[in-house]
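Input: a single structure, listed below in structure tokens.
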Amino acid sequence: MSELPKVFDHTTVDARWYSYWESIGAFTALPESGKPAFSMVLPPPNVTGSLHIGHALNHTLPDIIARWKRMLGYDVLWLPGTDHAGIATQNVVEKQLAAEGKTRHDLGREAFEARVWEWVRQSHGTITAQMRQLGDSVDWSRERFTLDPGLTRAVRREFVSLYRDGLIYRDRYIVNWCPRCRTALSDLEVQHRDTAGKLYYVRYPGVGGGPGVVVATTRPETMLGDTAVAVNPDDDRYRHMAGDRVRLPVIGRELPIVTDSFVDPAFGTGAVKVTPAHDPNDFAMGRRHSLPSVSVIDEDGLMTAEAGPYAGQDRFKARRGLVQQLEAEGLLEKVADHQHAIGHCERCGTVVEPLVSTQWFVKIGPLAAEAIRVVEEGKVTFLPDNWTKTYFEWMTNIHDWCISRQLWWGHRIPAWYCDGCGTTVVSEDDPDRCACGGVLRQDTDVLDTWFSSGLWPFSTLGWPDRTAELARYYPTTLMLTAFDIIFFWVARMIMLGVKFAGGVPFHTVYITGLVRDERGQKMSKSKGNVVDPLAVMGEIGADALRFTLAAMASPGMDIPLSEGRMTGYRQFINKFWNASRFLLMNIGDLPSRPDVPPAHDLGLAHRWILSGVSRLSTEVSDALTQYRFDLAADRLYHFFWHEFADWYIELVKPELQQTGPVRETAVAVLIEVHDRLVRLLHPFIPFVTEEVWQRLPRRAGDGPTVTLAPFPAKVAGWLDAQAERDMEYLQQIVTTIRTVRSERGVAPSRRIAAVVDEADAAMRAMLERNAGYIRQLAGLNRLEFRSEVAPGPDTVKRVLEHAHVFVPLAGVVDHQAEIEKIQKEVAAVAKESSAIEQKLASQGFVERAPARVVDEARARLAQLGERRAKLEGTLADMRG
RNA sequence: GGGCGGUUAGCUCAGUUGGUAGAGCACCGGCUUUACACGCCGGCUGUCACAGGUUCGAAUCCUGUACCGCCCACCA
């Protein structure tokens, strides 16, 4: 034992215990165990990604729950896995290729896919190793990947089933298009950023030579695709022009003026150009008025042949040229600054181009309606609750989901088109040939990544087969995730779970805040304020990081991760380590763990700490039941450090020096309380607790790891309010004497005397019995208890709730300082007294406040009066 | 345009059925007390953003204001 280092060294400990847990199958779910089941699925991180601080939070909190439930005796399945992350992964590999001077087209589809698989196999180990480093107690034997054969089968079943139900359709429609990624995006993959732009006022001359109309636009380059001008039917300025025709500048096309109530008369000129091919509103308007659609921007963001002189130009270059031309032709009436939100590709930041193309969509209305219903019925609860409203808001205004992506990496769409008869075949299995005998070609697009991850809670359990796992572990209990993927993922899991798995995928959705830097700023690479959990774990260990995240995870709040807080909790880990070291160094070699004697045979300190640790068990369990990781961590921190280490260990030190029954009792209680604290702390700080637990003396029936040891429950017989009150009194006396010593500059090594005038005989007896504790902790060589004391000169007299403490200190008493101190206290007491008197004097309080509160106020006033009398008595003595 | 969150000690934050405020860090003073200086002991620190309202009583409930932040959004 003596070789234990003074500072906990996580670097030599953490990895060893994780391997051990894995080797004994500590995290493996046991469906046959007969225990009640508890399940969660881990939000699958990007298979080629690296653990970031958000993951650290989203893995630590459920891990605490998983470990806690396991210790409570549940058969816990926490299922891990990774996501193929279609567009993100493809982009990474394309970048690698670009560095070699190649594009994916140089390789061709098959070779490219092989290349991505190679990258996936190579980097899969990175993220999973990082999860082990953090301590995720997941069941690796059931790890899944969204492109596994089983999950691929699930995706096909999903697609075909939705298609047959008429919930998937293919249509030519306006979609968000990223010209860089060359793929369609869903609404969610578009990020709107406020941008300072311009509003251009352009005149479209009348066909007959009239003045025509002036339209306002932020995107002049799209005017080349205009097929109408629209005005509000109630706009007196324009109403008479409905049906007139104007001439589109540059191109010369004649455009009709249509009326549509969508047009806001108050914006711009009240007349709007209509470009059905490049604006979602205009697309809808185009359909309402049967307008033609002219695409002027292609899939690379270049102007098409329809753009006349601008054909082949980049869309932004065309804008500049066009503005110049309009100005030269005298058609540009005005340019105004204009602030507006522009859509950008979530993955690459390119400005998204709305354009018309043929895509697959999920008809979302019926699915959303069900997903709303199950939440309304309380089958899924959001924590904190305000997210429920956000969820409803979004689900109510949801649009059809574009699920096809023009990528190569992902689940290929199970639709085939016949060259012969033009039929579309949608099938789970690859069809050989069309019924007409024609050759079938599979759709070249892949599915949105979220189309497969939306099945995660049940595809990972074997769906579409009706497996025993699915029956046992679905639905899961808790889904914990950051708010940014509520819509991407949580909502879709609910929709698809209800549709396919017979019910909601989880009962509680815990939405975490964002981990921010210490100044509350969002972490970003460009700001350089990113906290790397791997670096942090390397420096202070996974336990310290975990405990910090847990302690700071207040529901609904972002987490400003500060160096200071992390340091503080690293020190807590070290405190835990050293208190444990102390214990191991003092209990000696025990053949087995000693039993704690019945509480009524124990001295005050032991009864007090047993009562405390029993209460702590309840508090931690209650907090975890409500997912209040912060409260649980706070209580554990405070109890371990400021009650167990600061007081209890100090109290029992002398007893440990003895031999015989006194020492044996102290050892037994010390081990018992410490062992309970180790187990209570284990879900939060698994590594250091295992390291310590393995060195503790065993009791018959203890398993191979603390991970599978029972979580401490409260022991009703240990709860002892009297012991807690007595100890508080004792602590007050000790603290008072210490304060006097500190104020008067008494050297810590100097033993002094003190007297307490406790009038109550029973109390005095209690103090007498425990005088040794006070002498030791306050550095006294003499301590007396009397019912009355006549203080001599050079004695500091301090007032407690029920008694005085006298500390004779010849030569060092500063009478003036003492008088001022007491006067200050008298003033404070007087202030509080008068506040309570005022309260009691008001008619309403006595009449309407609960009797308990009134009694408390009266009792407090009496107490204050007593205290004031004592203080003033002391003051009189000092002056006299 | 819609919705949400925040404003409490120098800093970062707790404060859940309304009874006049807590923690960590920082700071000040003293300590090589044989678990720990990543420590021990003692100490200092608040018109709980502002203005109204409800109530015997409000940091806590209601209304409004200000500032900060976030999410969603097909007014060009």
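Remember, it's a predicted structure, so these values are computed and weren't measured experimentally. These values consider heavy atoms only, across backbone and side chains, with no hydrogens, waters or symmetry-generated copies. Proteins get letters first, then strands, A, B, ... in listed order; numbering begins at 1 in each.
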### Query
Between the side chain of A:E691 and the main-chain N/O of A:H10, is any donor-acceptor distance below 3.5 Å?
no

### Message
Using the side-chain heavy atoms of A:W394, tell me which of these nucleotides is nearest: B:rC72, B:rA35, B:rC75.
### Response
B:rC72

### Task
Look at the side-chain N and O atoms of A:W641 and state whether any lies under 4.0 Å from the OP1 or OP2 oxygen of B:rC40.
yes

### Between B:rG22 (C1') and A:H638 (NE2): distance, integer Å
10 Å

### Message
Regarding A:E743, tell me which of base, sugar-phosphate or nothing describes its non-hydrogen contacts under 4.0 Å with the strands shown.
### Response
nothing

### Query
A:R738 side chain N/O closer than 4.0 Å to the phosphate oxygens (OP1, OP2) of B:rG42?
yes

### Message
Counting the atoms with a prime plus P, OP1 and OP2 as sugar-phosphate, which does A:A284 contact under 4.0 Å by heavy atoms, base, sugar-phosphate, or nothing?
### Response
nothing

### Message
When you measure from the side chain of A:H399 to the backbone of A:D187, do you find a donor-acceptor pair of N or O atoms at a distance under 3.5 Å?
### Response
no

### Query
If we take the P atom in both B:rG69 and B:rC13, what is their distance in whole Å?
14 Å

#### Entry: d(CG, A:L4; P, B:rC36) in whole Å
12 Å

### Query
Which part of the nucleic acid, if any, lies within reach of A:S749 when heavy atoms closer than 4.0 Å are counted: base, sugar-phosphate only, or nothing?
nothing

### Query
A:Y637 near the nucleic acid: base, sugar-phosphate alone, or nothing, with a heavy-atom cut-off under 4.0 Å?
sugar-phosphate

### Query
Between the side-chain atoms of A:E650 and the base atoms of B:rA35, is any donor-acceptor pair under 3.5 Å?
yes

### Query
Is there a side-chain polar atom (N or O) of A:K575 under 4.0 Å from OP1 or OP2 of B:rA35?
no

### Task
Give one of base, sugar-phosphate or nothing for A:H642, where a contact means two heavy atoms less than 4.0 Å apart.
sugar-phosphate

### Query
To the nearest angstrom, how far is A:D646 atom CG from B:rC38 atom P?
17 Å

### Message
Counting the atoms with a prime plus P, OP1 and OP2 as sugar-phosphate, which does A:R565 contact under 4.0 Å by heavy atoms, base, sugar-phosphate, or nothing?
### Response
base

### Query
Going by modelled atom types, is there a donor-acceptor pair between the base of B:rC36 and the side chain of A:K6 at under 3.5 Å?
no

### Query
Rounding to a whole Å, what distance do you find between A:I649:CD1 and B:rC40:C1'?
13 Å

### Message
Below the 4.0 Å mark, does B:rA35 have OP1 or OP2 next to a side-chain nitrogen or oxygen of A:S580?
### Response
no

#### Entry: Quiz item: cation-pi between A:K653 and A:F582, 6.0 Å / 45°
yes

### Distance in angstrom units between A:Q571 CD and B:rA26 C1', rounded
13 Å

### Task
Would you check if the side chain of A:R663 reaches a backbone N or O of A:I587 as a donor-acceptor pair within less than 3.5 Å?
yes

### Task
Indicate whether OP1 or OP2 belonging to B:rG15 is found under 4.0 Å from a side-chain N or O atom of A:R628.
yes

### Query
Start at the 5' end of RNA chain B and walk down; is the nucleotide closest to A:Q626 or to A:D264 reached first?
A:Q626

### Query
Heavy atoms under 4.0 Å, any strand shown: does A:H399 hit a base, just sugar-phosphate, or nothing?
base

### Task
Rounded off to whole Å, could you give me the CZ-to-C1' distance for the A:F572 and B:rG24 pair?
12 Å

### B:rU12 versus B:rG46 - spacing of their C1' atoms, nearest Å
16 Å

## Note on the structure
A:D9 atom CG is separated from B:rC38 atom P, nearest whole Å, by 15 Å

### Query
In terms of the nearest nucleotide of RNA chain B, which residue is placed more toward the 5' end: A:L188 or A:P265?
A:L188

#### Entry: Separation of atom CH2 in A:W387 from atom C1' in B:rG5, rounded to whole Å
9 Å

### Message
Please report the distance separating the C1' of B:rC61 from the corresponding atom of B:rU54, rounded so that it comes out in whole Å.
### Response
8 Å

### Task
Might you confirm whether atom CD of A:E539 has over 12 heavy atoms from other residues, nucleotides or ligands at distances under 6.0 Å?
no

### Query
Quick one: is B:rA14 close enough that its OP1 or OP2 comes under 4.0 Å of any side-chain N or O from A:S554?
yes

### Message
Among A:V678, A:L681, A:L677, which residue satisfies the side-chain contact (heavy atoms from CB on, under 4.5 Å) criterion with A:V692?
### Response
A:V678

### Summary
Given the options A:I737, A:T735, A:T736, A:T739 meets side-chain contact (heavy atoms from CB on, under 4.5 Å) only with A:T735

